[in-house]
Amino acid sequence: MGASFDEIDGVIWYDGRLVPWKDANVHLLTHGLHYASCVFEGERAYGGKVFRSTAHSERLKASANILDFEIPFSVAEIDAAKQRVIDTNNLPDAYLRPIAWRGSEMMGVSAPNNTIHLAIAAWQWPSYFDPASKLKGIRIDLAEYRRPDPRTIPALAKASGLYMICTISRHKAERKGYADAMMLDWEGRVAECTGANIFFVQDGKLHTPIADCFLAGITRATVIDLAGRRGIEVIERRIMPEELGGFSECFITGTAAEVTPVSEIAEWRFTPGAISEALMKDYAAEVQPKGKREAA
């Protein structure tokens, strides 16, 4: 195991200025810690540029608004701050974590006047899954917890509290030897994995769940676009677990997972094939900055 995440060398952008990594702290009585009034993004930089940076910054601001607070920085300022973190830490290929939260002025469920903070950290973080695992496909468990009814939670915000059941589900899956867990929605339909969206292949077409109780990921949107460029039809629909036996391929998508083929979900088996491999390679090319992409 490497250095603890509070001991990494470097700087973190914190409320408009760069501070030493070890000094980027919050007080114990921070509202975001106690009541999950906290939103974040997961992003990657490739070749010195953050992939789809503005889309992530826009979603961060939108998530905050859903949680009833306003981040006191514009999308352009957030984009510039992320680039500054990458450049200052000399991390051309990195993972970024912008995070915004309510501060510590008031402790209690209601805290409308607490200061809203924003911080951005970046570090070296390889793909969730090693290349060998990707090529043969990862194994996924079926999660016990389900994505809740969107009438009960702010499902379309990337909010920290919504990941509690993801952590529990991922831990249980890993203890059983799986790489991740697939979650159903509150009505028992296929939803997503703990931190990634999911796609299936049937007769040359892609099938993916309708994203109305979970985030329609930015990687998901990129892959849908890449499939369209190849003339691959993408069908967004309700998918029931009993249908999984009729799909030939499966893969998951996310900033951390990128495009990762799946060989197994509980009792269902898949064979990573031409479509999964093609979209995995297309995505790897797409994330490179324009000049490098054209030179490839």
Side-chain angles (χ1 to χ4, degrees), residues 1-64 67 69-107 111 113-128 157-164 166-167 195 218 254-258 287 289:
M1 184 177 177
S4 171
F5 268 79
D6 59 352
E7 297 176 348
I8 295 174
D9 289 327
V11 295
I12 290 175
W13 189 97
Y14 196 134
D15 286 344
R17 63 189 183 94
L18 295 175
V19 302
W21 193 285
K22 293 181 182 179
D23 295 338
N25 300 312
V26 298
H27 193 272
L28 172 66
L29 298 180
T30 295
H31 197 274
L33 175 63
H34 291 258
Y35 297 101
S37 53
C38 175
V39 296
F40 68 97
E41 283 293 313
E43 311 179 34
R44 277 191 187 272
Y46 299 88
K49 296 295 179 184
V50 181
F51 182 60
R52 299 199 63 180
S53 179
T54 298
H56 280 286
S57 297
E58 290 172 345
R59 188 170 69 179
L60 183 71
K61 296 268 288 182
S63 292
L67 264 63
F69 65 84
E70 181 73 33
I71 295 173
F73 296 93
S74 69
V75 167
E77 287 172 328
I78 297 171
D79 284 351
K82 286 185 285 189
Q83 192 62 49
R84 189 178 176 196
V85 168
I86 290 295
D87 294 342
T88 304
N89 287 303
N90 190 26
L91 291 170
D93 297 298
Y95 187 89
L96 293 94
R97 173 53 54 87
I99 184 166
W101 67 96
R102 281 194 178 93
S104 54
E105 288 82 3
M106 176 62 69
M107 271 300 294
N113 298 317
N114 283 25
T115 300
I116 305 304
H117 299 277
L118 173 66
I120 301 167
W123 60 89
Q124 288 186 328
W125 192 11
S127 177
Y128 254 14
K158 193 169 177 69
S160 61
L162 303 184
Y163 285 79
M164 175 180 62
C166 299
T167 296
I218 291 170
T255 295
E258 300 173 305
V287 298

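- Between the CZ atom in Arg97 and the CZ atom in Phe5 there is a gap of 9.0 Å [rounded to 0.5 Å].
- Annotation: side-chain hydrogen bond (donor to acceptor under 3.5 Å, both in side chains) contacts of Asp9 (sequence neighbours excluded): none.
- Between Val50 and Gln83, the shortest heavy-atom distance links the atoms N-OE1, 4.2 Å.
- When all heavy atoms of Ser53 and Asp79 are compared, the closest pair comes out as OG-OD1, 3.0 Å.
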message: Val11 vs Asn89, test: side-chain contact (heavy atoms from CB on, under 4.5 Å). Steps then yes/no.
response: CA-CA 7 Å; Val11 295; Asn89 287 303; 3.6 Å; yes
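- Annotation: ring pair (Phe, Tyr, Trp, His ring centres under 6.0 Å) contacts of Trp13 (sequence neighbours excluded): Phe73.
- Here the shortest heavy-atom pairing between Leu67 and Ala157 reads CD1-CB, 3.8 Å.
- In this structure, Ile120 CD1 and Leu96 CG are separated by 8.0 Å, a value rounded to the nearest 0.5 Å.
- The CD atom of Gln124 sits 9.5 Å away from the CD1 atom of Ile8 when rounded to the nearest 0.5 Å.
- Residues Leu28 and Leu33 share a closest heavy-atom pair of O-CD2, 3.6 Å.
- Salt-bridge annotation for Arg84 and Asp87: absent, with no side-chain N of the basic residue lying under 4.0 Å from a carboxylate O of the acidic one.
- In terms of heavy-atom proximity, Val19 sits nearest to Tyr14 at CG2-CB, 4.0 Å.
- For the atom pair CG of Asn90 and OG1 of Thr88, the computed distance is 9.5 Å after rounding to the nearest 0.5 Å.
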side-chain contact (heavy atoms from CB on, under 4.5 Å) evaluation trace for Asn114 with Phe69: CA-CA 9 Å; Asn114 283 25; Phe69 65 84; over 6 Å; no
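- Remark: Lys61 pairs with Glu70 by the salt bridge (charged side-chain N to carboxylate O under 4.0 Å, His left out) rule, at least two apart or across chains.
- Of the inter-residue distances, the one linking Phe40 atom CZ with Trp101 atom CH2 reads 13.5 Å to the nearest 0.5 angstrom.
- The aromatic rings of Trp123 and Tyr95 sit tilted relative to each other, their planes meeting at an angle between 30° and 60°.
- Distance check, rounded to the nearest 0.5 Å: CD of Glu105 to CG of Leu29 gives 11.5 Å.
- Looking only at side-chain heavy atoms (C-beta outward), Ile116 and Arg102 come within less than 4.5 Å of each other.
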task: Please report the C-alpha distance between Thr115 and Asp15 in whole Å, then the side-chain angles of each, then the deciding distance to 0.1 Å, and finally whether the side-chain contact (heavy atoms from CB on, under 4.5 Å) criterion is met.
output: CA-CA 11 Å; Thr115 300; Asp15 286 344; 5.6 Å; no
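- The environment of CE in Met107 is crowded: more than 12 heavy-atom neighbours from other residues, nucleotides or ligands sit within 6.0 Å.
- Nearest heavy-atom pair, Ala122 versus Ile86, reported as atom, atom and distance to 0.1 Å: CB-CD1, 4.1 Å.
- Each of Glu41, Lys158, Arg44 was evaluated against His56; a single residue qualifies, Glu41, per the side chain to side chain donor-acceptor pair (under 3.5 Å) test.
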